[in-house]
Amino acid sequence: MTEQPQHEPQTPWLTLIGIGEDGVEGLSAVARAILARADFVVGGARHLELAAPLVQGKTLAWPTPFERGIDAILARKGLPTVILASGNPFFFGVGSTLARSISAQEMLCLPAPSSVALACSRLGWAEQECRVVSFCGRPIEQLYPALQPSGRIIVLSADENTPHVLANWLVSKGLGATRCHVLERLGGPHEAMHSFYAHEGAPDKLQRLNLIGLEIDAQSASHTLPLTNGLPDTCFEHDGQLTKREIRAVTLSSLAPRAGELLWDIGGGAGSISIEWMLASPACRAVCIEAQPERVARIARNAAALGVPGLNVRQARAPEGMEDLPKPDAIFIGGGASRAGVLETAWQALKPGGRIVVNAVVAETEARLLRAMQEWGGMLTRISVSRLEKIGSLHGFRPAMPVTQWVAQKPDAS
């Protein structure tokens, strides 16, 4: 029997200490001892000030840009180093950033109660039932999908202006009845809370260090996004090039989004497919390829308005616009499937086990999809939708153009 090599256990050289507004008095005995004998301490200026009574070694306040501080820490790999952070360093904190370059075995983390935990305890909310959204370096529009009737959300503010911006944005979305709670400097002697309705506006002279608890009005359903596929067509700005609601719902079902997956949306039109793909999970990503510049701008506006401003919109024609993109887990082609090389390039790029969905309304594209099914497998489905419309003083069902949909899954590598 071949003896397996033994790996020496790694000794933590990096210690992350969560510190609250109560300063060193709130630290455990272990954290206080480590901090007192630390040779090198990194933290925000506020953290270093809070820890000043114990710090004896050299200090480094986080520089700008933030990455310079990370580089300085990595340059000390193997040398004892302490990082001070707010609350839990692995909750929207520096810990997860460092974990991309440093193994867990090299780190010792001593967290303090997070600001979210403190906020929920002050508000009497069950933390596991709250959604947490950070506005630190992130756009406000990302909050929209999280807004649900009677929902509770904790918003991590960027600064003292965030409550004002948020209240105004909620009013613009028809959610002025949202109850807002601004909690300042939680856990310390200067802790404070201010409660108001969004339509009343946030109070003046707020502290820079704050977070916001939101209670969404129970009667707000008409101003929030449903959790299922197939948003109303009126949600999208478009020029007629829009995958209609019923077809879109079937298409998203065929694409079967899973958290963390990447979609290529080729021939984006209004961007409805990639937008709803990203709405399926905050971890879903999409690249939308559209040739016409006015549609590219429109897709970006739709994405921001519907809460997924991170949609990657690329102005290009397929198949050229598909070059140099990360390989997708799923591909949707809503236009241009009959163009030479588009289907071949898409199928080759698709990850093993990935899904491809193509919608066709013209005979030339249908013929191409029949050949694709014969070559790569999958299924062809004809989808017809009729809507009731007024005909003079009466009503009748007017059929829309039928859509032929090809759905295929690429075989696994095994």
Side-chain angles (χ1 to χ4, degrees), residues 18-23 26 43-47 49-50 62 84-89 91-94 111-220 223-224 282 307 309:
I19 188 168
E21 285 296 296
D22 50 359
R46 182 174 60 86
H47 300 135
E49 182 179 352
L50 288 168
W62 282 112
L84 295 171
S86 297
N88 182 359
F91 188 74
F92 286 97
V94 68
S114 70
S115 59
V116 172
L118 292 172
C120 288
S121 68
R122 302 298 189 269
L123 294 167
W125 294 358
E127 186 175 354
Q128 72 274 10
E129 296 175 2
C130 297
R131 180 79 176 268
V132 180
V133 179
S134 173
F135 285 176
C136 299
R138 298 173 174 87
I140 194 172
E141 291 84 0
Q142 62 167 327
L143 177 63
Y144 195 26
L147 301 174
Q148 295 295 313
S150 300
R152 288 173 169 174
I153 303 170
I154 300 293
V155 174
L156 306 181
S157 292
D159 54 36
E160 66 275 19
N161 295 315
T162 300
H164 300 277
V165 173
L166 178 56
N168 291 335
W169 182 82
L170 287 168
V171 171
S172 75
K173 289 293 186 181
L175 294 164
T178 299
R179 185 70 169 160
C180 306
H181 309 277
V182 178
L183 299 103
E184 302 175 320
R185 306 193 69 169
L186 286 169
H190 304 293
E191 178 179 314
M193 183 169 73
H194 311 274
S195 298
F196 56 94
Y197 289 99
H199 66 79
E200 296 173 336
D204 295 329
K205 297 181 180 179
L206 294 172
Q207 296 289 323
R208 183 175 181 83
L209 184 64
N210 73 81
L211 54 70
I212 310 162
L214 300 179
E215 295 182 85
I216 311 304
D217 182 52
Q219 308 303 318
S220 63
H223 300 289
T224 59

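With rounding to the nearest 0.5 Å, the separation of CD in Glu127 from OG in Ser121 is 9.0 Å. Put simply, CZ on Arg185 and CG on Leu209 are 6.5 Å apart, with the number rounded to the nearest 0.5 Å. Rounding to the nearest 0.5 Å gives a distance of 9.0 Å between CD1 of Ile212 and CG of Leu156. The CD atom of Glu21 sits 11.0 Å away from atom CD of Glu184, with the distance rounded to the nearest 0.5 Å. How far CG of Asn161 is from CZ of Arg208: 8.5 Å, rounded to the nearest 0.5 Å.
The existence of a salt bridge linking Glu215 and Arg152 is confirmed by a sub-4.0 Å separation between a basic side-chain nitrogen and an acidic carboxylate oxygen. Between Lys173 and Glu141, none of the side-chain N atoms (NZ, or NE/NH1/NH2) sits under 4.0 Å from a carboxylate O, so this pair counts as no salt bridge.
Annotation: cation-pi pair Arg179/Tyr197 present, NZ/CZ under 6.0 Å from the ring centroid and within 45° of its normal.
In this structure, Asp217 contributes its side chain and Pro149 its backbone to no donor-acceptor pair below 3.5 Å. Panel note: side chain His223, backbone Ser220; no donor-acceptor pair is recorded below 3.5 Å. Between the side chain of Glu191 and the backbone N or O of Gly187, at least one donor-acceptor pair lies under 3.5 Å. Judged purely by atom type and a 3.5 angstrom limit, Arg122 has no side-chain atom pairing as donor or acceptor with the backbone of Cys120.
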Show your reasoning for whether side chain to side chain contact (heavy atoms under 4.5 Å, CB included) applies to His164 and Asp204.
-> CA-CA 9 Å; His164 300 277; Asp204 295 329; 4.0 Å; yes

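Taking 4.5 Å as the limit, every side-chain heavy atom of Leu50 sits out of range of all side-chain heavy atoms of Leu84. For the pair Cys180 and Leu166, the minimum side-chain heavy-atom distance is 4.5 Å or more. In this structure, the side chains of Leu118 and Leu211 stay at 4.5 Å or more apart for every pair of heavy atoms. Looking at heavy atoms from C-beta onward, Asn88 lies out of side-chain contact with Val116 at the 4.5 angstrom threshold. Contact annotation: the side chain of Val165 never approaches that of Phe135 to less than 4.5 Å [non-hydrogen atoms, C-beta and beyond]. Looking at Phe91 and Val132, their side chains come closer than 4.5 Å, going by heavy atoms from C-beta outward. In this structure, Gln148 and Ile153 have side chains that are not in contact, with every pair of non-hydrogen atoms separated by 4.5 Å or more. Within the 4.5 Å cutoff, the side chain of Val133 has no heavy atoms near those of the Arg138 side chain.
The minimum heavy-atom distance between Ser86 and Arg46, with the atom names listed, is OG-NH2, 3.0 Å. Summarising the geometry of Cys130 relative to Ile154, their closest heavy-atom pair is CB-CG1, 4.3 Å, with the distance given to 0.1 Å. For the pair Thr178 and Leu175, the tightest heavy-atom approach, listed with the atom from each and the gap, is OG1-O, 2.8 Å. The two residues Leu206 and Ala202 make their nearest non-hydrogen contact at CD1-CB, 4.4 Å. For the residue pair Val182 and Pro163, the shortest heavy atom distance occurs at CG2-CB, 3.8 Å. Residues Leu123 and His181 share a closest heavy-atom pair of CD2-CG, 3.7 Å.
Within a 6.0 Å sphere centred on CD of Glu49, other residues, nucleotides and ligands contribute 12 heavy atoms or fewer.
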